[in-house]
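For reference, the structure is listed below as structure tokens.
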Amino acid sequence: MGTLASNRKGFITGTSQTNYASALNVATGTATDGATGNQNCIQYFRSSGRGGGTFRFIRTFIHFNTTNLTEASSISLQLTSAGANGNPAANSRVTAIKHSAGSSNGSAISDSDFNNIDRTTAYSATTTFGTSGTVTINLNATAATQINENNDFNVALLLTHDAIQTEEDPLESDGDISNIIAFSSAINLVYTEPAAPSGYTHKVLGVASANIGKVNTVATANIGKVITVD
């Protein structure tokens with residue numbers, strides 16, 4: 001089992017709007033790059049008070065440097081929850097999707113990155129966000145391809161209502177749906193590593209494989225064939 005720690009993690013609080021639909025697609029917000037401590041960072045907030053009210057989303061943005069991953073499988077994203085408030089609990093489910101914040105290369109996220117998300121590219125199914133302990137988000141084949149074939153993996157965590165742009169407001173009255181991440185704890189990709197090569201197990205020029213350490217400077221553990229012969 002392999003583990004890769006995030007290269008950058010943070011969140012952006014979207015600019016407040018006067019209704020739910022506008023809050024879903026607001027262009028900018030207030031970025032918290034390099035977040036630490038326990039942060040309310042995957043949220044929908046609603047207050048229909050005087051002056052038009054306040055409707056707001058918060059989204060989490062994570063970057064991994066995946067340069068050295070080429071054959072990872074059974075990949076999951078793991079983080080630590082410091083609290084969840086669903087109103088009801090099912091509302092606090094999250095979905096991992098693609099983002100292009102931080103110039104897509106792990107640079108600092110900025111206020112203008114809030115809507116730099118790709119809702120057409122989901123990296124997970126909807127996942128329950130527990131009130132404490134480890135949250136495991138199983139990543140799909142689309143995520144695995146991105147991780148194994150590219151140097152950067154950019155994954156945003158949104159409330160599922162936000163990720164799929166649910167038309168109906170999930171709250172019937174004022175309140176919030178909030179998930180808190182313990183950013184001082186690691187956010188990791190956990191994956192299955194490829195099996196080590198078995199090596200070449202036959203004689204070479206009459207010499208038993210057990211007595212051969214290398215063939216033409218290549219360790220036998222890394223040799224599958226010699227001159228195309230198994």
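Counting only distance, with no hydrogens or angles, the side chain of Asn148 and the backbone of Glu71 share a donor-acceptor pair below 3.5 Å. Remark: the backbone N or O of Ser74 is not paired with any side-chain donor or acceptor of Thr192 at under 3.5 angstrom. Side-chain atoms of Thr95 never come within 3.5 Å of backbone atoms of Ala163 as a donor-acceptor pair (strictly under, hydrogens ignored). Counting only distance, with no hydrogens or angles, the side chain of Ser92 and the backbone of Gly86 share no donor-acceptor pair below 3.5 Å. Between the side chain of Asn154 and the main chain of Ser100, no donor-acceptor pair closer than 3.5 Å is present. Listed for the Thr145 side chain is a donor-acceptor partner under 3.5 Å among the backbone atoms of Ala141. Between the side chain of Thr80 and the backbone N or O of Ala182 there is no donor-acceptor pair closer than 3.5 Å. A donor-acceptor pair is defined here as one N or O able to donate and one able to accept, closer than 3.5 Å; no such pair exists between the side chain of Asp113 and the backbone of Asn116.
Note that CG of Leu4 and CG of Asn68 are 8.5 Å apart. Values are rounded to the nearest 0.5 Å. In this structure, Lys98 NZ and Gln146 CD are separated by 5.5 Å, a value rounded to the nearest 0.5 Å. How far CG of Leu77 is from CZ of Phe64: 5.0 Å, rounded to the nearest 0.5 Å. Here the CG-CD distance, from Asn179 to Gln39, works out to 13.5 Å after rounding to the nearest 0.5 Å. In this structure, Ile62 CD1 and Leu157 CG are separated by 4.5 Å, a value rounded to the nearest 0.5 Å. How far OG1 of Thr127 is from CD1 of Ile137: 5.5 Å, rounded to the nearest 0.5 Å.
The nearest pair of heavy atoms linking Ser124 to Ala96 is OG-N, 3.0 Å. Scanning both residues, Val135 and Ser81, for their nearest heavy atoms gives CG2-CB, 3.7 Å. Shown here for Asn40 and Phe11, the closest heavy-atom pair between the two residues is O-CE1, 4.5 Å.
Using a cut-off of 4.0 Å between Lys/Arg side-chain N and Asp/Glu carboxylate O, Arg119 and Asp162 are scored as salt-bridged.
In the model, His63 has a side-chain atom that pairs as donor or acceptor with a side-chain atom of Asp152 under 3.5 Å. A donor-acceptor contact under 3.5 angstrom links the side chains of Thr67 and Asn65, judged on distance only. Under 3.5 Å, the side chains of Ser47 and Thr54 contain no donor-acceptor pair of N or O atoms. Side chains of Ser48 and Asp174: a donor-acceptor N/O pair is present below 3.5 angstrom, by distance only. Checked by atom type, the side-chain pair Thr134/Gln78 shows no donor-acceptor distance below 3.5 Å.
Ile42 and Phe45 are not part of a single hydrophobic cluster, where members link through side-chain heavy atoms under 4.5 Å apart. At a threshold of 4.5 Å between side-chain heavy atoms, the hydrophobic network of Ile, Leu, Val, Met, Phe, Trp and Tyr places Val190 and Leu69 in two separate groups. Cluster membership for Ile117 and Leu24, using ILVMFWY side-chain heavy atoms within less than 4.5 angstrom, is shared.
Within the 4.5 Å cutoff, the side chain of Arg8 has heavy atoms near those of the Asp33 side chain. Counting only heavy atoms from C-beta outward, the side chains of Asn138 and Thr136 approach each other to under 4.5 Å. A 4.5 Å side-chain heavy-atom check between Thr3 and Leu189 finds every atom pair outside the cut-off. Contact of the Asp176 side chain with the Tyr44 side chain is not registered, since no non-hydrogen atoms from C-beta on lie closer than 4.5 Å. Looking only at side-chain heavy atoms (C-beta outward), Leu171 and Ile177 come within less than 4.5 Å of each other. In this structure the side chain of Phe114 reaches within 4.5 angstrom of the side chain of Arg59, judged on heavy atoms. Looking at Leu159 and Asn91, their side chains never come closer than 4.5 Å, going by heavy atoms from C-beta outward.
Dense packing is recorded around CD of Gln165, with more than 12 heavy atoms of other residues, nucleotides or ligands lying under 6.0 Å away.
The aromatic rings of Phe57 and Tyr20 sit tilted, their planes meeting at an angle between 30° and 60°.
For the side-chain contact (heavy atoms from CB on, under 4.5 Å) criterion with Phe153, the lone passing option out of Asn151, Asn150, Val155 is Val155.
Relative to the six-membered ring of Phe129, Arg93 misses at least one condition, a distance below 6.0 Å or an angle of at most 45° to the axis.
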